[in-house]
Amino acid sequence: MRRYLGCYLLAACSLILTACGGGSEEATAIAGPAAPTSTTFTVSVDLPATMRLAHKPSFSLISKAYADAQKNLSEHNFAAVWLDDKGKIFQSIDITRWESLGDGNYVIDAGTKTRINAVLLVDTSGVPEFTLGEPLPEGLYMTPLANERLAITLESSLTYYALAQRIVKNENWGVFTEVFEKAPRGRVLFAWQDINNMAIDIRDTLFPKLGLEGLTLKDLMTLSIVQSMTNGRVERYFTEESAAIADIQAILNDGYWQVGSYEGNNGNGILADSTQFDGSQTQVTEYRWEKSDDADINLNEFFTYLSNSTAFGTDDITVQILTNDGWTGLFSYLKVLLATPKTALLTDAALIKEDEAGITLNANVYSLAGKRMHDFLSSKENHYLTRYLQDDASFTEGASGFYFTWRPENEAYLLCDNTNDKDTCRIYPILTPEAGYTTLDEVITPLIDVGPGIESVNGFKLSNNIVVELIDDGRFTIRFWGNIADDEWVIQDYGVWAPTNVAGKPILRFDVPDIIKQLADDYRFNSLNLFLVEDRGFVNIGESLLDNTEYHYSGFDNDAKEQIFSATTRDNLPPFGDCIFGNTDFANESLFLNAVTECGGDERLSNQSVDDLVDKTLVQITPAGEITAHVLRSDNSWDHFRHTDAEPGSRSWSITDDGYLKLLPDNTNETEFDYWALANRDYAQRLLAFKRYSNTSGGAEISNIMTREYASNTLSACIDNDSGWNQSTTRPVTKKTLSAYQDQTQQCKQIWFGRDPIFTETLLIGQTGNLSDDKALTFANDSSRYLKLSDNFSGEYFLGHYVDSDGCGFNIEIRWKLEDDGTLYYEALDGSMNERIQLTDTDGRKLAIKAFNQQSRWVTDETAPFASDEGEMRSDIVTLIRASEVPNVIPVEPPAPTPPDEGETPPAEEEPAGPPAGTVLNDGQICAFL
């Protein structure tokens with residue numbers, strides 16, 4: 001990862017800067033009761049498709065589109081009001097004309113000029129209701145009438161509502177006071193852009209954590225997470241805008257910090273970068289913490305750039321700038337060329353002062369003492385850091401923040417690194433997205449080929465939901481198309497493109513309207529000034545930075561950085577356990593996201609963590625004792641086991657962009673699936689806690705599951721305190737009591753959060769009355785031994801056989817039952833033996849057991865008789881097989897005595913030295929009768 005202070009920063013984990021405007025224009029009429037005037041506004045109403053826009057329940061699954069245009073509103077759904085100097089409603093604004101364009105866009109004439117305190121209100125379910133003299137009410141969509149082309153979105157509504165709430169609380173407009181009182185048109189426009197930038201920040205930080213389906217806007221506005229994040233973002237804006245001019249030379253000399261965080265399928269972690277200039281050399285030191293296992297946060301030095309000595313190669317290029325020598329690669333590290341108390345001049349490590357492609361930098365400073373840390377870690381680049389902070393964590397004395405302003409030294413043209421056939425900034429026709437444009441002429445549509453619908457547009461995507469179409473009509477027209485619902489696209493705005501030549505290269509320049517940036521769901525540029533250029537055989541898109549255009553970013557002083565990381569720890573995450581929040585039988589994906597947000601810490605599935613799970617078994621045990629297991633395979637199939645039996649089927653798994661493990665139980669039916677979202681993890685116990693979303697033909701549900709991870713062939717028996725076996729005496733080496741067995745079994749049992757492995761009837765005999773699914777136990781320590789069970793019933797017991805093919809063979813009739821604690825107890829019908837077996841652990845495919853065996857011959861043994869509560873304690877690994885697979889062992893009977901010949905006297909019977917070989921269980925001898 002490479003860091004660059006400015007719009008040159010394009011790396012995935014970078015601390016991206018937010019652009020905003022500057023300057024002013026001549027003042028117009030002051031704010032207050034409207035002068036006799038009227039302005040025409042075009043308004044897009046673009047709201048989340050799955051929210052309760054009207055007061056009726058919604059049960060559909062969440063739409064993949066972020067928002068849908070609202071095409072069926074009437075003039076009664078609109079109203080406009082003025083806010084006074086204390087932020088309260090003091091007068092309504094007349095809407096003298098209203099027109100629907102039929103595509104979610106509306107045209108209104110309102111009795112006002114563009115003003116920051118003139119507010120358009122929309123109620124999608126009726127007439128907007130408000131009270132004069134009161135603050136703006138909850139539950140209305142809104143945007144300031146600060147530009148002739150507007151969009152009402154969820155984020156614009158939340159942002160302006162939070163802004164109005166702050167004004168009411170403070171009884172003044174704060175940093176917007178001049179805009180409120182004098183309303184210079186340029187300042188009104190820039191204030192509107194600032195509000196939109198805050199709205200985009202809120203969209204990018206809040207919405208990924210929040211499901212919207214089924215909520216009303218009023219519900220949403222009352223949620224603590226919404227209030228905290230919107231109010232925090234507004235607080236940061238007011239603080240930064242009111243900051244005092246600072247000594248940039250002193251700041252660079254002391255050093256300042258930028259703090260970031262990242263999360264995605266490639267992992268998650270924290271970034272902290274220090275920049276310092278001692279008058280002769282710039283030093284940029286990058287510190288990183290990449291989450292691994294359960295280790296706490298510990299920043300480690302990752303890379304240090306020294307402007308006087310660090311050398312880079314072509315592999316370090318992250319972006320290119322157009323110079324007189326053509327495209328020059330930049331290394332995304334800035335070095336200070338000179339610094340004064342008022343300003344500093346910086347350029348990229350790849351450039352020199354004479355290239356005149358640097359930036360000027362100055363700074364403002366503000367005290368952070370007493371302010372919430374969450375509020376100043378509220379950008380797209382660092383908001384994940386707040387999960388490691390207490391909600392009320394605040395800065396103390398000595399902590400300061402910086403608000404930096406930088407301007408390009410000259411107009412600059414930036415292009416991503418497209419060397420080595422990289423396609424990052426290529427553009428592709430939407431009609432043939434597999435083949436990129438190769439010439440600029442291909443991008444331009446002749447007027448004769450211009451069609452009325454998106455299906456005939458020769459255009460390219462600016463974002464997932466915005467398409468740009470350049471038309472050769474003599475007026476250099478651009479049409480910006482927006483996706484308003486599903487596959488429905490409409491023209492959202494127009495612009496102009498211009499062919500020109502820069503440094504000997506033909507390019508096509510165009511500007512993106514503010515409204516398009518606001519509507520775009522993933523606008524990836526800092527600037528609104530873009531260009532197309534043919535390079536390396538393809539048409540690429542880049543951005544131009546205009547000279548004297550202001551851009552901003554934030555930083556912290558050394559004290560603030562130390563305070564942040566002193567308060568940052570994984571100990572502030574939710575403790576491991578079952579999180580039942582959001583569990584429901586009437587689910588949708590939106591509710592699932594809310595449950596994941598509420599239950600989650602910093603664990604999530606990544607490409608690496610899922611790869612680490614491949615070929616491992618994830619075991620689940622229900623309170624009723626049902627044992628199931630999943631095994632992910634490297635070919636993206638997965639196996640399922642129920643009660644240790646492999647279930648047939650063709651299944652597949654994948655990881656979604658949200659970090660969900662998607663499981664298809666049947667590859668022929670993609671409508672039924674599970675999402676597993678990792679909520680927490682206990683590495684010591686190998687436990688993973690998931691929120692699960694199950695979508696079936698009968699509906700969707702949300703539940704929580706906990707699994708234990710087992711590598712292949714790692715299940716082990718707990719041999720603590722086992723008796724041992726003396727084969728020569730066919731007795732245990734050490735006698736154990738039943739009480740000692742029970743105590744030791746409890747110590748050996750692997751019970752995790754109430755998941756207790758126990759024997760159940762379903763595990764052992766399947767469906768009652770169906771003999772075909774009865775099971776038998778086979779033992780790893782004695783492959784000739786079988787405990788064959790059946791659900792044939794006699795009195796209080798089931799029937800079965802103890803089978804052993806060793807020696808002379810054994811096929812002993814038994815009866816068995818399950819005791820209340822899940823113990824399998826069986827005894828020979830002839831009274832010769834009995835045994836108790838308990839499960840201590842399972843990997844979902846095999847069972848670890850602890851057993852207590854008693855044989856009647858040990859009790860009657862005169863040499864060392866066993867008491868009635870004594871026996872053998874043993875451990876083993878058991879595999880369940882079909883009872884029908886047990887061999888039919890027929891014991892070898894002793895031969896009949898040979899009768900004496902006629903007239904001979906039968907020999908005297910000899911006293912036997914002991915039982916014949918092979919006739920005692922586990923004597924290890926060959927049968928004496930063979």
Side-chain angles (χ1 to χ4, degrees), residues 43-81 89 104 106 119-131 134-144 150-165 168 199 202-203 205-231 233-234 484-485 521 581-598 693 699-700 702:
V43 184
S44 298
V45 182
D46 204 43
L47 304 176
T50 54
M51 284 187 67
R52 284 177 57 191
L53 301 177
H55 298 298
K56 59 182 180 181
S58 169
F59 298 106
S60 62
L61 287 177
I62 190 168
S63 168
K64 296 305 179 185
Y66 165 68
D68 281 355
Q70 302 303 307
K71 298 183 291 184
N72 300 314
L73 302 178
S74 73
E75 59 185 307
H76 301 294
N77 298 118
F78 291 75
V81 297
I89 301 170
Y106 301 87
V119 190
L120 181 64
L121 306 174
V122 171
D123 186 335
T124 57
S125 62
V127 177
E129 296 182 359
F130 54 87
T131 303
E134 295 294 327
L136 289 171
E138 296 173 340
L140 296 180
Y141 295 95
M142 63 189 70
T143 190
L150 299 167
I152 289 185
T153 63
L154 177 58
E155 61 267 29
S156 75
S157 304
L158 295 175
T159 304
Y160 194 85
Y161 181 76
L163 172 64
Q165 290 280 83
V168 170
I202 288 170
R203 180 190 70 191
T205 58
L206 174 63
F207 291 1
K209 303 175 182 179
L210 194 64
L212 305 175
E213 183 172 355
L215 291 176
T216 66
L217 180 59
K218 187 171 183 178
D219 295 335
L220 196 63
M221 286 178 166
T222 60
L223 294 180
S224 59
I225 186 175
V226 174
Q227 294 177 353
S228 175
M229 294 186 72
T230 54
N231 293 339
R233 182 61 185 91
V234 171
I484 61 172
D521 56 13
F581 180 89
N583 289 0
T584 178
D585 294 332
F586 302 97
N588 56 56
E589 292 185 35
S590 195
L591 293 176
F592 181 58
L593 173 58
N594 290 339
V596 172
T597 298
E598 182 69 20
Y693 175 82
I702 296 170

Legend entry - Side-chain heavy-atom pair V43, V122 within 4.5 angstrom cut-off: no
Legend entry - Flag side-chain contact, heavy atom, 4.5 Å: Y106 against L73: yes
Do any N or O atoms from the side chain of [X] and from the backbone of [Y] form a donor-acceptor pair under 3.5 angstrom?
X    : Y    : value
E598 : G582 : no
D123 : L140 : no
S157 : M142 : yes
T230 : V226 : yes
T216 : D219 : yes

Tell me, please, which residues at least two apart from [X] pass side-chain hydrogen bond (donor to acceptor under 3.5 Å, both in side chains).
X    : result
S156 : T153
N583 : K691, N704
S74  : N77

Inset, instruction - Compare every heavy atom of P208 with every heavy atom of L593, then report the nearest pair and how far apart it is. - result: CD1-O, 3.3 Å
State the [atom1]-[atom2] distance between [X] and [Y], to the nearest 0.5 angstrom.
X    : Y    : atom1 : atom2 : value
M221 : Q227 : CE    : CD    : 10.0 Å
I702 : D585 : CD1   : CG    : 10.0 Å
I89  : L136 : CD1   : CG    : 4.5 Å
E138 : Y161 : CD    : OH    : 4.0 Å
F78  : L121 : CZ    : CG    : 11.0 Å
I202 : T159 : CD1   : OG1   : 3.0 Å

Legend entry - Criterion side chain to side chain contact (heavy atoms under 4.5 Å, CB included) on L158 and L206, from CA distance to verdict: CA-CA 11 Å; L158 295 175; L206 174 63; 4.2 Å; yes
Inset, instruction - Check the pair L154, L217 against side chain to side chain contact (heavy atoms under 4.5 Å, CB included), reporting the backbone distance first and the verdict last. - result: CA-CA 8 Å; L154 177 58; L217 180 59; 3.5 Å; yes
Legend entry - Step-by-step side chain to side chain contact (heavy atoms under 4.5 Å, CB included) determination, Q70 to D46: CA-CA 6 Å; Q70 302 303 307; D46 204 43; over 6 Å; no
Inset, instruction - Carefully, step by step, assess T143 and Y160 under the rule side chain to side chain contact (heavy atoms under 4.5 Å, CB included). - result: CA-CA 7 Å; T143 190; Y160 194 85; over 6 Å; no
Inset, instruction - Assess the side chains of T597 and N594: does a donor N or O sit below 3.5 Å from an acceptor N or O? - result: no
